[in-house]
Asks: 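Encoded as structure tokens, here's the structure I'll be asking about.
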Amino acid sequence: MIYNVALTTLAVWRTGPASLVGDGASRWNEAIFARHSVRTYDGTPLAPDDASSLAGLRPERLGAARVRHVLIQGDRALERIMRGLVGSYGRIAGAPALVALIAQKSDSGHAPALGYLGQQVVLEAVSRGLSTCWVAGAFRRAAVGEFAELAEGEEVLCISPVGRPAETTGLRRLHDASLKWITPGYGKRKPLEEIVRGEVRAPWLQAALEAARWAPSAVNLQPWRFRVDESGGVAIECPAGPDSKQALDCGIAMANFAVAARAHGAPGAWELR
Ligand SMILES: Cc1cc2nc3c(=O)[nH]c(=O)nc-3n(C[C@H](O)[C@H](O)[C@H](O)COP(=O)(O)O)c2cc1C
């Protein structure tokens with residue numbers, strides 16, 4: 001039985017007019033299914049257009065928590081931020097740029113808000129033909145501060161490399177392949193029946209849940225659950241508190257859900273509980 005852990009309702013979906021994330025929900029909707037984590041890059045610097053679009057993106061907010069992203073470019077930054085992690089899980093190589101995802105940790109709801117914001121940046125990158133990889137583990141948080149000014153109380157919770165994938169050979173290929181054995185359900189997702197309670201009738205809702213299902217999560221744990229009530233109302237549930245790592249993952253799934261709902265003609269927005 002999958003519902004053997006206590007779940008907390010994190011947010012409810014309110015249908016109605018909403019500001020559209022990005023300039024095209026359908027472009028981002030396609031990116032949801034094209035995206036997968038890439039850990040080895042070919043080093044090609046970002047095109048100026050891509051860099052300015054990512055740096056200047058104004059993602060839609062989830063709640064009032066202060067979260068933001070900063071694009072950092074250049075080999076030196078990458079070397080400083082990624083140094084000393086040779087051989088560790090999820091080591092990133094060759095990326096010409098990274099996005100730092102920053103939150104005011106004392107703000108309630110910062111975790112889902114950062115997931116929601118970061119995934120929009122990821123979808124923008126992927127829709128421009130770039131690759132990404134959410135990383136919460138192996139990077140030197142303090143070094144990010146050398147390239148992005150951090151305000152009092154701000155912390156870099158995650159980063160994502162951005163760039164073009166490289167062919168992998170030798171040890172690098174072994175490293176990337178090893179993730180298949182240490183990540184549960186690598187490349188797969190739990191079936192909808194396992195993550196959704198209630199009857200799904202509307203086609204837009206089916207599409208939005210499918211998009212949420214394919215969201216990335218730390219160690220592919222997919223902690224999100226959805227509850228659909230009699231009247232078709234949707235809530236997202238999380239097995240841990242609103243500022244947990246799982247809530248950050250849920251924020252990522254909520255972004256996918258919102259993008260797909262809007263791409264299927266059902267505007268609305270999440271309201272945090
Ligand atoms: C919040 C978060 C943190 C992650 N941290 C790491 C990490 O530290 N190292 C890594 O190699 N992958 C990390 N990942 C990537 C996940 O392992 C990956 O998204 C998941 O296995 C699903 O695979 P996919 O992204 O290719 O669909 C992280 C993903 C998320 C969402």
Side-chain angles (χ1 to χ4, degrees), residues 10 30-41 62 67 69 78 81-95 98-103 105 110-123 125-126 130-141 143-144 155-163 165-166 168 171-190 195 210-224 236 238-257 259-260:
L10 191 61
E30 279 171 27
I32 287 172
F33 299 99
R35 187 212 60 80
H36 64 274
S37 294
V38 168
R39 297 175 177 86
T40 308
Y41 295 82
L62 177 68
V67 294
H69 74 285
L78 266 293
I81 292 165
M82 300 288 180
R83 200 174 59 185
L85 301 162
V86 180
S88 65
Y89 163 64
R91 163 132 172 96
I92 307 298
L98 65 85
V99 171
L101 297 164
I102 301 166
K105 266 197 100 174
H110 70 263
L114 192 65
Y116 195 77
L117 172 135
Q119 182 67 354
Q120 293 170 67
V121 180
V122 162
L123 294 178
V126 173
L130 298 164
S131 293
T132 59
C133 180
W134 278 86
V135 176
F139 69 94
R140 297 173 69 227
R141 284 176 165 71
V144 179
E155 265 187 49
V156 186
L157 297 189
C158 298
I159 55 169
S160 171
V162 183
T168 52
L171 274 181
R172 221 23 245 183
R173 176 176 286 185
L174 263 183
H175 167 273
D176 286 5
S178 72
L179 292 165
K180 292 190 178 133
W181 312 115
I182 57 178
T183 310
Y186 181 90
K188 297 196 190 129
R189 294 297 187 272
K190 292 171 182 163
I195 60 167
E210 191 60 29
R213 181 168 95 91
W214 279 99
S217 54
V219 211
N220 203 24
L221 285 178
Q222 311 159 57
W224 43 75
I236 182 166
C238 183
D243 282 322
S244 59
K245 290 181 172 146
Q246 291 93 328
L248 194 152
D249 289 336
C250 287
I252 298 174
M254 288 159 80
N256 277 14
F257 182 103
V259 167

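Each ligand, and each atom within it, is numbered from 1 in the order the structure gives. FYI, the numbering just counts along the sequence from 1.
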Asks: For the CD atom of Q119 and the CE atom of M254, what is their distance to the nearest 0.5 Å?
Replies: 12.5 Å
Asks: Rounded to the nearest 0.5 Å, what's the gap from CG on L248 to CG on L101? Could you check?
Replies: 8.5 Å
Asks: Out of curiosity, Y116 OH to N256 CG, how far, rounded to the nearest 0.5 Å?
Replies: 10.0 Å
Asks: Does R189 have a heavy atom less than 4.0 Å from any atom of ligand 1?
Replies: yes
Asks: Is it the case that ligand 1 has an N or O less than 3.5 angstrom from some N or O of L248?
Replies: no
Asks: At under 4.0 Å between heavy atoms, is it the side chain or the backbone of P216 that contacts ligand 1, or both, or neither?
Replies: both
Asks: So does K190 have more than 12 non-hydrogen atoms from other groups sitting under 6.0 Å from NZ?
Replies: yes
Asks: Backbone or side chain, does any N or O of R39 fall under 3.5 Å from an N or O of ligand 1?
Replies: yes
Asks: So is G137 polar-close to ligand 1, meaning N/O to N/O under 3.5 Å?
Replies: yes
Asks: Could you pull out the closest heavy-atom pair between N220 and G187, with the gap in Å?
Replies: ND2-N, 4.3 Å
Asks: Heavy atoms, side chains only, cut-off 4.5 Å: are C133 and P161 in contact?
Replies: yes
Asks: With a cutoff of 4.0 Å, is K245 in contact with ligand 1, counting heavy atoms of the residue only?
Replies: no
Asks: Provide the number and element of each atom of ligand 1 under 4.0 Å from a heavy atom of I252.
Replies: 31 (C)
Asks: Which of the numbered atoms in ligand 1 are below 4.0 angstrom from a heavy atom of D249?
Replies: 1 (C), 31 (C)
Asks: Under 4.0 Å from any heavy atom of H36, which atoms of ligand 1 are there?
Replies: 26 (O)
Asks: Need the ligand 1 atom indices (1-based, order shown) with element for anything under 4.0 Å from a heavy-atom of R35.
Replies: 24 (P), 25 (O), 27 (O)
Asks: Could you give the distance from CD1 (I92) to CD1 (I81), rounded to the nearest 0.5 Å?
Replies: 12.0 Å
